[in-house]
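These notes concern the structure reproduced below.
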Amino acid sequence: MSSSSEPAVPPVGLNPGKLTLEKENTYFVYVVLIAVGVWLCLALTLIGLVYAAFFGFILWLGNGLLVAYLRAEAVRVNEQQLPRLHATFLEVCARLGVRQIPALYVLQSGGMLNAFATKHAGRDFVVVYSDFLDALGPDSVEMKFILGHELGHIQSRHILKQLLLAPGLFFPLIGPAYRRSWESSCDRYGAYAADDTEGSLRAMLMLSGGREYGRNLDAAAFARQHADERGFFVSLHELTSTYPTLSRRVSDLLALRTGARVPAPRRHPLAYVLALGLPGGGPSAGSGLLVMVVIVALLAAMAIPAFTKVRENAQAQACAHQQGMLASALDQHYLEHKKEIETWEEVAGDGKILATMPVCPGGGDYSAERTETGYVVTCSVHSHTAEKAGASPEASSP
Ligand SMILES: [Zn+2]
Ligand SMILES: [Zn+2]
């Protein structure tokens, strides 16, 4: 595969300091603003923070298990194990200026042609599926493209951003657009690492057409599919997807042969409207859970203050009713005995005016004061008659 008959065509206009697309940086600003807003809302309601911490813990556990699975089941690539792939990896790391070399693993995955990058406890991991290695070969340009793409994710700190910016990533339209720009940027890292647009295209076409026929597909014809399929559902698929379509990625790679700009795709306007109602996110396993936790946390953040308010109002009403009851009991006692009470037991208890002493639902203490018009009872918590409340704090009458 490395000994392909076609001559290498280095990409035009890729410079190692500027592989990340401008639009990724633009979307980054929007997504940070959304994420900071949501995190602040969560922080304002303590319960939101509890959910966030709980959820962070679940994510951390899941990621820890994934990495443990790699360490235990996948093949760690080094000088002894798959040395040709190891050498290719070091070469690509050097070309992209990666100083801290991530751990590279090869994982058997039932025929899937794919690779991914992840991070755990401060260490970076790149994983290539074994069938993809079989298909591409350990030192091909195609492999350099794939490794370069994954190292692009690591260089751009996309795994950390996925966690910190999660609330923004699930925002409709903007979240998926930002995620798609990650992939487009990383394809540029890959093309730069491979230093050959033809080899990069072959790798991409193999992702689309499979290991047997993929490499012989006509890139230009596949890229035209992107320009031709501009209907409502394709537009909706594109707007809600976290990956650019493969035809779009091929079309972007083709443009690197000449340095031409790919015009922004025309999309069905209705698709934008519908996509606005669909949360971002994609096929990644954790995303559904993440959306749910964020929604639950937001609902809790909104519902808890409202619930507290309703409960407080109900308590104040019940307390006001009891203050009235106590006041009339005291009035009645005064009429009967012509003297003020020493303790509440004189009006409340077995055989007294009130069978039991009312208890404030908010935990307040009652105090009473005799005025010309009768008794006024106040509560230390619900002091409706605060202006009249005397200094007498407890049950003692003045
Ligand atoms: Zn990627
Ligand atoms: Zn009260």
Side-chain angles (χ1 to χ4, degrees), residues 30-62 163-172 174-175 276-281 286-330 344 347-349 354-369 371 374-396:
Y30 295 143
V31 169
V32 164
L33 288 177
I34 296 168
V36 166
V38 173
W39 285 127
L40 273 182
C41 281
L42 289 181
L44 287 179
T45 61
L46 277 177
I47 192 77
L49 272 193
V50 173
Y51 279 116
F54 170 74
F55 179 64
F57 176 69
I58 298 283
L59 267 190
W60 175 80
L61 258 189
L163 194 66
L164 295 180
L165 304 179
L169 293 180
F170 294 108
F171 199 81
I174 292 176
L276 247 182
L278 298 169
S287 61
L289 187 70
L290 194 86
V291 173
M292 242 180 58
V293 170
V294 169
I295 289 173
V296 166
L298 282 178
L299 283 180
M302 287 185 293
I304 285 168
F307 175 72
T308 310
K309 186 128 189 88
V310 166
R311 207 180 60 159
E312 275 169 6
N313 281 344
Q315 286 184 347
Q317 250 175 32
C319 183
H321 175 69
Q322 302 194 129
Q323 288 172 27
M325 268 170 40
L326 273 174
S328 28
L330 290 173
W344 287 113
V347 290
L354 298 173
T356 53
M357 178 65 194
V359 178
C360 167
D365 292 316
Y366 291 123
S367 55
E369 189 183 5
T371 67
Y375 276 94
V376 172
V377 173
T378 53
C379 168
S380 59
V381 174
H382 308 102
S383 45
H384 300 285
T385 48
E387 65 278 7
K388 280 199 212 166
S392 55
E394 269 302 322
S396 58

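Below, each value reflects all heavy atoms present in this structure, side chains not excepted, and no hydrogens, waters or symmetry copies. Just so you know, residue 1 is the first one in the sequence shown, and it goes up from there. Quick caveat: nothing in here was measured; it's all calculated off a predicted structure.
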Nearest heavy-atom neighbours spanning [X] and [Y]:
X: Cys379; Y: Tyr366; result: CB-CE2, 3.6 Å
X: Gly362; Y: Gln315; result: CA-OE1, 3.8 Å
X: Val31; Y: Ile174; result: CG2-CG2, 3.7 Å
X: His382; Y: Cys319; result: ND1-SG, 3.3 Å
X: Leu330; Y: Ala368; result: CD1-CB, 3.4 Å

Quiz item: Got a sec, which residues hit side chain to side chain contact (heavy atoms under 4.5 Å, CB included) with Thr356, two or more places apart in sequence or on another chain?
Solution: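 With sequence neighbours excluded, Thr356 shows a side chain to side chain contact (heavy atoms under 4.5 Å, CB included) to no residue whatsoever.
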Exercise. Not counting sequence neighbours, which residues clear side chain to side chain contact (heavy atoms under 4.5 Å, CB included) with Met325? List them please.
Key: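 If we apply the side chain to side chain contact (heavy atoms under 4.5 Å, CB included) test to Met325, skipping adjacent residues, the hits are His321, Leu354, Pro358.
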Practice problem: Go through the steps to decide whether Tyr30 and Phe171 satisfy the test side chain to side chain contact (heavy atoms under 4.5 Å, CB included), and finish with yes or no. | Solution: CA-CA 10 Å; Tyr30 295 143; Phe171 199 81; over 6 Å; no
Minimum side-chain heavy-atom gap [X]-[Y] below 4.5 Å:
X: Leu326; Y: Trp344; answer: yes
X: Thr308; Y: Glu312; answer: yes
X: Val359; Y: Gln322; answer: no

Exercise. Measure from the side-chain N and O atoms of Trp39 to the backbone N and O of Leu164, and report whether any donor-acceptor pair falls under 3.5 Å.
Key: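 Yes, Trp39 side chain to Leu164 backbone: donor-acceptor pair under 3.5 Å.
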